[in-house]
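Computed over heavy atoms, backbone and side chain alike; hydrogens, waters and symmetry mates excluded. These numbers come from a predicted model, not from an experiment.
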Amino acid sequence: HGIADRVLLGLLPSSEYAWPIAVACLKEGGGVLHVHENVSEADQQAWVMRLEAEIRAAGARLGRRWTVSCGHVERVKTFAPRVWHLVADVSCSPA
């Protein structure tokens with residue numbers, strides 16, 4: 001716990017089950033999560049908002065008051081019609 005500046009979550013089709021573990025791996029001062037997920041085009045904005053909220057909540061459960069923001073979302077490739085493999089760069093820093 002608390003040893004990483006950066007965690008890569010390249011698990012498809014979803015890395016969601018690993019988010020709490022990734023948050024625990026980040027140093028108390030925060031870091032960056034690179035979160036991979038297959039997301040429908042229509043749900044991309046909602047997914048980013050939910051991702052930020054879930055990461056913030058996982059940090060709070062560990063006593064970490066972080067500002068969590070998704071600075072960039074990369075569309076890597078299509079997975080299926082209107083479904084994209086996305087990578088979100090999520091920054092976690094002390095509030």
**Request:** Measure the shortest side-chain to side-chain distance between Val39 and Val83 over non-hydrogen atoms and say whether it is less than 4.5 angstrom.
**Result:** no

**Prompt:** How many angstroms lie between atom CG of Asp89 and atom SG of Cys70, to the nearest 0.5 angstrom?
**Reply:** 7.0 Å

**Donor-acceptor under 3.5 Å (Thr78 side chain, Ala80 main chain)** = no

**Message:** A side-chain contact here means heavy atoms from C-beta on lying under 4.5 Å apart; do Val7 and Leu26 qualify?
**Reply:** yes

**Message:** For a quick test of reading the model, state the closest non-hydrogen atom pair linking Trp66 to Cys92 and the distance between them.
**Reply:** CE3-CB, 3.5 Å

**Prompt:** So which pairs with a foot in residues 6-36 pass ring pair (Phe, Tyr, Trp, His ring centres under 6.0 Å), sequence neighbours left out?
**Reply:** His36-His85

**Asked** Given Val90, which of Val23, Val32, Val35 fulfils the side chain to side chain contact (heavy atoms under 4.5 Å, CB included) condition?
**Response** Val35

**Message:** Please check this pair: side chain of Glu74 against backbone of Ala88, looking for a donor-acceptor N/O pair closer than 3.5 Å.
**Reply:** no

**Request:** Working to the nearest 0.5 Å, report the span between CG of Asn38 and NZ of Lys77.
**Result:** 8.5 Å

**Asked** Between Glu37 and Glu16, which heavy-atom pair has the shortest distance, and what is it?
**Response** OE1-N, 4.1 Å

**Request:** Keeping to residues at least two apart or across chains, list the side-chain hydrogen bond (donor to acceptor under 3.5 Å, both in side chains) pairs with something in residues 20-30.
**Result:** Asp5-Lys27

**Request:** Write down the atom of Ala95, the atom of Thr67, and the distance for their closest heavy-atom approach.
**Result:** CA-OG1, 3.6 Å

**Fill in**
salt bridge (Lys or Arg N to Asp or Glu O under 4.0 Å) filter on Glu41, not counting sequence neighbours, yields none

**Request:** Measure from the side-chain N and O atoms of Arg56 to the backbone N and O of Leu51, and report whether any donor-acceptor pair falls under 3.5 Å.
**Result:** no

**Prompt:** How many angstroms lie between atom OG of Ser93 and atom CZ of Arg64, to the nearest 0.5 angstrom?
**Reply:** 13.0 Å

**Cluster overlap Trp47 with Leu9, hydrophobic side-chain contacts below 4.5 Å** = yes

**Request:** Mind checking the OG-CD1 spacing from Ser69 to Ile55? Nearest 0.5 Å is all I need.
**Result:** 12.0 Å

**Asked** What distance separates Ile21 CD1 from His1 NE2, expressed to the nearest 0.5 Å?
**Response** 9.0 Å

